[in-house]
2 protein chains.
Amino acid sequence: MSLKYALLGIIDTRGRPISGYDIKKAFDSTMQFYWNATYTQIYSTLSRMHEEGLLNMEVISQESHPNKKVYQITSAGRDELAEWVAKPLELQRIRNEMLVQITLADRVDSERFVRMLEEYILKVRETLAVLQSNEVQSIVERARTERERFFWEVSLNKGVMTYERELEWAERVLKTYRARFGD
Amino acid sequence: MSLKYALLGIIDTRGRPISGYDIKKAFDSTMQFYWNATYTQIYSTLSRMHEEGLLNMEVISQESHPNKKVYQITSAGRDELAEWVAKPLELQRIRNEMLVQITLADRVDSERFVRMLEEYILKVRETLAVLQSNEVQSIVERARTERERFFWEVSLNKGVMTYERELEWAERVLKTYRARFGD
DNA sequence: CTGCCCATGTAAATGGTTACATGATTGA
DNA sequence: TCAATCATGTAACCATTTACATGGGCAG
């Protein structure tokens, strides 16, 4: 479960106490292109990590809003994070539903297949637009050292790259399909 | 759950009755680069699909080996498969543990980080070698129509491409890291 | 006055992994 | 004689998604 470590990483990087709600937002704006999580998952993982002693928790009473719980990393948490980060990098096991569909696509008629691909291409383009926006790119500016900045840049760019390749690939498949099986 | 449809696809493509054990092998040799499943998952999914009426099942008694259950697709199964295959292609949600590690890699010392990347590069190379082997590439030869062959080729090549890009990327990161943060 | 933001959670279901069990056959 | 192959499964666990619940504040 690397959600645990992603959360530890965000909390540690922040430094100041942070609520689950704000962690989710930080999560979505930094790691959304290679990891994602729902509130349900984040809240329950945070309580478990608190029980395990990886996080300190404090309840902040608020009047015009619900109370909130803010978390900070403990030294045990920092140790566990450091240990995890230094583990060997494993190949991601792949799980691509779309490729299963394409493998079996002989069961779909031509017109429909072409439309499926076209719509897919639009979706990839939309995602790419978000990724290439200044807002996302400016995350990297908040790095505190040149080295940290390097790591952030590399991860973000990998996300962008992945979608760029996806787009090229889908466009090429569409073109080839049309050339070979008419339109 | 697209394991269900991957299995239906394999059983339907085969035509003849096939056991869970053999499905696993077919699975590993055709879709392993974009989907995977354990025996546990395959056996339990097959019984459920049988209950749902998507598969016919027959027990084959054998002497010198354990009995086996062989499955064939029903027309209800074929209908459900055709319906699923024609669904819109969705963007894969990404889940890349390695990128989480790299984002937080400022907590790792240089020597260790370089070694992690080097080992990662070796793993990617090994996987690529398997993918580019003749054995894998020859799967495509078993397609029965030109169009089916096109779909199989496209999916397989996407797998190969993904790992080729991964390799290039990792090598580039390593080179850049060395240039900027010494060795 | 509608809908989104703040903030946290429970419950249930689904999906997926890991460990364990069985036991004959076959090839190196 | 050792390991691999054949063949299927149960049990327990971990991870993830979806649906539901609460209720004030604030902007258009």
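Chain identifiers are assigned alphabetically (A, B, ...) following the order of the sequence lines, protein sequences preceding nucleic acid strands; residue numbering begins at 1 within each chain.
E97(B) places its CD atom 12 Å from the C1' atom of dA15(D), with the value rounded to the nearest Å. As rounded to whole Å, 12 Å separates atom C1' of dT25(C) from atom OH of Y21(B). Between the NZ atom of K68(A) and the C1' atom of dC6(C) there is a distance of 9 Å, rounded to whole Å. Taking atom CD1 of I60(A) as the reference point, atom C1' of dT8(C) lies 15 Å away to the nearest angstrom. Counting to the nearest Å, the P atom of dT16(D) and the NZ atom of K24(A) are 13 Å from each other. Taking atom CD of residue Q41(A) and atom P of nucleotide dT16(D), one finds them 5 Å apart after rounding to whole Å. Following rounding to the nearest Å, D22(A) (CG) and dA7(C) (P) show an atom-to-atom distance of 6 Å. If you take CG of L46(A) and P of dT10(C), they are 13 Å apart, rounded to a whole angstrom.
When heavy atoms are screened at a 4.0 angstrom cut-off, R48(B) is found touching no nucleic acid atom at all. Residue contacts shown for R95(A) are limited to sugar-phosphate atoms, with no base heavy atom under 4.0 Å away. Looking at heavy-atom distances under 4.0 Å, K25(B) makes contact with sugar-phosphate atoms alone, never a base. Heavy atoms of T40(A) sit under 4.0 angstrom from at least one base atom.
Residues passing the salt bridge (Lys or Arg N to Asp or Glu O under 4.0 Å) test with D106(B), sequence neighbours excluded: R147(A).
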*Mind running side-chain contact (heavy atoms from CB on, under 4.5 Å) on F33(B) and D28(B) for me, showing each step along the way?*
CA-CA 8 Å; F33(B) 305 107; D28(B) 286 350; over 6 Å; no
*Steps toward salt bridge (Lys or Arg N to Asp or Glu O under 4.0 Å) verdict (D109(B), R112(B))*: CA-CA 6 Å; D109(B) 65 66; R112(B) 175 100 192 105; over 6 Å; no
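Each of W35(A) and S19(B) lies near DNA chain D, and the nucleotide nearest S19(B) is the one positioned closer to the 5' end. The nearest heavy atom of DNA chain D to S44(B) and to H65(A) marks one nucleotide each, and the one closer to the 5' end goes with S44(B).
Remark: E83(A) CD is loosely packed, at most 12 non-hydrogen atoms of other residues, nucleotides or ligands lying under 6.0 Å away.
A close approach under 4.0 Å does not occur between any side-chain nitrogen or oxygen of Q62(A) and OP1 or OP2 of dC6(C).
Nearest approach of M57(A) to Y71(A), heavy atoms of both residues: CG-CE2, 3.4 Å.
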